[in-house]
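A quick write-up on the structure given underneath.
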Amino acid sequence: MGLTKTEGYTQAQIELATIAKVLGHPARIAIVQHLLEINACIGNDLMDVLPLSQPTISRHLSELKKVGIIQGTIEGSSMHYCINAHRWREIRQMLGGLLGMEPGEQCC
């Protein structure tokens, strides 16, 4: 897989694109929605919610964790995940800024 050229873009644009890419999979959206609804989760419980294997769920959790959407703690042999509330507010603000922009009336 090639590298994405990022020259000429702001850091905010690059960051938002990275977040959008991570959120661009339905399993990750389902994981985020589930965590928002229950406000905590044990990783293995996601197997009851999603039609995916544990290794696949772990890969999706890893991608969400990389951009800071979720955070996890180890408790015994279980990993507990939750939404990183501070980061979630930042992401909502970034997305809101983009989605709040109105297109001009004139279009091709």
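Hydrogens, waters and symmetry mates play no part in the numbers below; they use all other heavy atoms, side chains included.
- To the nearest 0.5 Å, atom CG of residue Leu16 and atom CD of residue Gln11 are 11.5 Å apart.
- Scanning both residues, Arg28 and Lys21, for their nearest heavy atoms gives NH1-O, 4.0 Å.
- Between Ala30 and Leu50, the closest heavy-atom pair is CB-CD2, 3.4 Å.
- To the nearest 0.5 Å, the span separating NE2 on His25 from CD on Glu63 amounts to 10.5 Å.
- For the residue pair Tyr81 and Leu35, the shortest heavy atom distance occurs at O-CD2, 3.7 Å.
- In summary, of the residues considered (Ile31, Leu64, Asn84), a side chain to side chain contact (heavy atoms under 4.5 Å, CB included) with Ile69 occurs for Leu64 alone.
- The hydrophobic cluster containing Ile29 also contains Ile70, counting ILVMFWY residues as joined when their side-chain heavy atoms lie under 4.5 angstrom apart, directly or transitively.
- For Ser62 (side chain) and Ser58 (main-chain N/O), no donor-acceptor pair under 3.5 Å exists by modelled atom type.
- Between Ile38 and Asp45, every side-chain heavy-atom pair lies at or beyond the 4.5 Å cut-off.
- Distance CD1/Ile83 to CZ/Arg89: 12.0 Å, rounded to 0.5 Å.
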May I have the step-by-step check of side chain to side chain contact (heavy atoms under 4.5 Å, CB included) for Gln93 and Glu90, ending in yes or no? CA-CA 5 Å; Gln93 186 175 10; Glu90 290 176 347; 5.7 Å; no
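- The heavy-atom pair separating Met94 from Ile19 by the smallest distance is CE-CD1, 3.4 Å.
- Summarising the geometry, atom CG belonging to Leu99 is positioned 12.0 Å from atom CZ belonging to Arg92; distances are rounded to the nearest 0.5 Å.
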Residues Lys66, Val22; criterion side chain to side chain contact (heavy atoms under 4.5 Å, CB included); working and verdict: CA-CA 9 Å; Lys66 273 189 216 175; Val22 167; over 6 Å; no
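- Here the straight-line distance linking atom CD of Glu15 with atom OG1 of Thr10 works out to 9.5 Å at 0.5 Å rounding.
- If you chain together hydrophobic residues whose side chains sit under 4.5 Å apart, Tyr9 and Leu98 never meet in one group.
- Rounded to the nearest 0.5 Å, atoms CG (Leu36) and NE2 (His34) are 10.5 Å apart.
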